[in-house]
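Atoms considered below: every heavy atom in the structure, side chains included; atoms not considered: hydrogens, waters and symmetry mates.
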Amino acid sequence: MPKADHGAKSLAFFMAFMPQFVAPGQPLLPQLAILFSTFLVIGVLSDLAFTFLATSGGRMLSARLRRILHRTGAGSLIGASALVAAMRRP
């Protein structure tokens with residue numbers, strides 16, 4: 001099941017996203033069925049890709065590349081928190 005099937009964020013996303021792709025003069029149910037099934041397929045495929053990369057993908061990377069990725073991610077988080085700490089409130 002895709003991770004965006006329940007919750008306020010996914011509901012807000014659909015409320016903002018769907019009306020742009022629904023033609024008012026056409027039957028609503030077939031349009032929504034196509035849009036929802038497309039979203040579901042894309043969600044399942046992306047979840048499968050992330051699962052594959054998290055399990056098998058880590059073994060394919062060399063130790064040096066993994067270390068670089070970890071340090072880059074840590075540096076990004078540290079840099080972002082430093083920026084937030086340095087920001088002034090209006």
Who passes side-chain contact (heavy atoms from CB on, under 4.5 Å) against [X], sequence neighbours left out?
X: Ile68; answer: Arg64, Thr72
X: Ser81; answer: none
X: Leu32; answer: Val22, Leu28, Phe36
X: Leu65; answer: Leu61, Ser62, Leu69

Joining Ile, Leu, Val, Met, Phe, Trp and Tyr whenever any side-chain heavy atoms lie under 4.5 Å apart, the cluster holding Val41 also takes in Leu45
Check whether Ser56 reaches the backbone of Leu53 with its side chain - one donor and one acceptor, N or O, closer than 3.5 Å.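 Flag not set: sc Ser56 to bb Leu53 has no pair under 3.5 Å.
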Nearest 0.5 Å, please: how far is CG in Leu40 from CG in Leu35?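 Leu35 CG to Leu40 CG: 12.5 Å, rounded to 0.5 Å.
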